[in-house]
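Just follow the structure's listing: the first ligand is 1, and inside any ligand the first atom is 1. Not measured: the values here are computed from a predicted model. Atom set for the values below is all heavy atoms of this structure, side chains included, hydrogens, waters and symmetry mates excluded.
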Amino acid sequence: MSMTILFAAGEGDFATYEPLLRAGLDQAGIAADLVLDAAPDTVDLIIYAPASPLQDFTPFTRCQAVLSLWAGVERIAGNPTLTQPLARLVDPDLTQGMIEYVTGHVLRYHLGMDAHLSAQPGDWAPTPPPLARDRVVGVLGLGALGQASATALVAQGFQVHGWSRQAKALPDIRCHTGEDGLRRVLGTAEIVVTLLPHTAATENLLDATRLQHCRPGLRLINPGRGALIEDAALLAALDRGQIAHATLDVFRTEPLPAAHPFWAHPKITITPHIAAATRPASAARSIVANIARLLRGDGLLHQVSRSAGY
Ligand code: NAP
């Protein structure tokens, strides 16, 4: 019997995803109608993205699961009408994008590239950077993206400290937890990458108090979520030199409003939420693989914990 899969991930993206999902479903031997609209009580699965107008999941009484096309699920995880299991996207191309973004921006800071990009005639004071093995990088968040990025930094030779909610043992990464662990990472690392989800517990994690514990001259890279860092506290920390520079990919309001002080700040680099895009071909394969697992009875992968919010 054919199942009904509702594509609630933006009408504009349906033309891109439809052939990819159909091909994947056919290949996996899954008989399914992939639709943009259906009577809610006929829908078996929902593919979702925050652009969707769908907010009330109550009438989807038959729906077995909601599969997000985004890794960050803060805009749906707290939806009280959503009682069905929710899976976030963990996908090889998304992960590779984040690895490349993090590695590139860490190397920018590590090598001091900016000083050379703006070099003028007569600027000749050779100060070679240390080797990566003499540089400590902190990664806050050791999930799918944090772990992959931390591992890539280890492969470059960096000393990597990581921080997560639950204790971890990862090869060549010094793993920390709790408030003490966070202070240790912030106080030790010269470059910190934030790859945490936005939840009640991580909102404003880097506030004025915690930023005061950062190693002076810290370089901060935030491809996680804008709300992890208190905007005003970051500006103050940059102005007093506690933080030397910040590269921000995500913001409380996106696109970042033209009048926001981040745009004009000389110690901030802004990238427009491009760290790790969902790439349709790879994402469609990951979604179909998860649907196939569910139908085989192997359980949904990457299920979001409603209580933790990620
Ligand atoms: P994930 O696999 O769910 O990992 C989240 C990590 O954060 C886990 O290590 C988790 O700890 C840790 N964490 C959560 N709450 C915490 C807390 N209160 N204290 C300490 N650690 C905490 O997520 P992911 O797939 O790596 O993605 C991370 C985030 O990246 C997403 O939520 C999204 O916001 C962002 N993102 C951004 C882009 C972009 O283009 N900029 C693209 C994709 C994703 P445990 O391991 O102990 O559970």
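Polar contact check, Ala276 against ligand 1: a nitrogen or oxygen pair lies under 3.5 Å apart. Considering backbone and side-chain N/O of Gly143, one or more are found under 3.5 Å from N/O of ligand 1. Looking at Lys168 next to ligand 1, an N or O pair under 3.5 Å apart turns up. The shortest N/O to N/O separation between Arg165 and ligand 1 falls below 3.5 Å. Ligand 1 has no N or O atom lying under 3.5 Å from any N or O atom of Val250, backbone or side chain. Here's the thing with Tyr310: one of its N/O atoms is less than 3.5 angstrom from an N/O atom of ligand 1. Annotation: Val90 places no N or O atom under 3.5 Å from an N or O atom of ligand 1; distance criterion only. Looking at Gly72 next to ligand 1, no N or O pair under 3.5 Å apart turns up. The shortest N or O to N or O distance between Pro223 and ligand 1 is below 3.5 Å.
By the criterion of a heavy-atom distance under 4.0 Å, neither the backbone nor the side chain of Glu74 is placed next to ligand 1. Counting heavy atoms under 4.0 Å from ligand 1, residue Leu145 touches it through both backbone and side chain. At a heavy-atom cutoff of 4.0 Å, ligand 1 is contacted by the side chain of Met98 but not by its backbone.
When Thr199, Leu205, Leu196, Asp249 are ranked by how near their heavy atoms come to atom 13 (N) of ligand 1, first place goes to Leu196. Heavy-atom proximity to atom 32 (O) of ligand 1, evaluated over Cys175, Ala148, Pro197, Ala201, is greatest for Pro197. Ranked by closest heavy atom to atom 39 (C) of ligand 1, the top entry among Gln166, His273, His198 is His273.
In summary, the aromatic rings of Tyr101 and His105 are positioned with their centroids under 6.0 Å apart.
His265 is not listed as a side-chain neighbour of Phe262, based on a closest heavy-atom distance of 4.5 Å or more.
Cation-pi geometry between Arg75 and Trp70 is satisfied (NZ or CZ under 6.0 Å from the ring centre, within 45° of the ring normal).
Within the 4.0 Å heavy-atom shell around ligand 1 one finds Arg88. Contact annotation: Trp163 has at least one heavy atom less than 4.0 Å from an atom of ligand 1.
Close contacts between ligand 1 and Ala71 involve ligand atoms 43 (C), 44 (C) [criterion: under 4.0 Å to a heavy atom].
The residue from Leu256, Ile268, Ile221, Thr271 that alone fulfils the side-chain contact (heavy atoms from CB on, under 4.5 Å) condition with Leu248 is Ile268.
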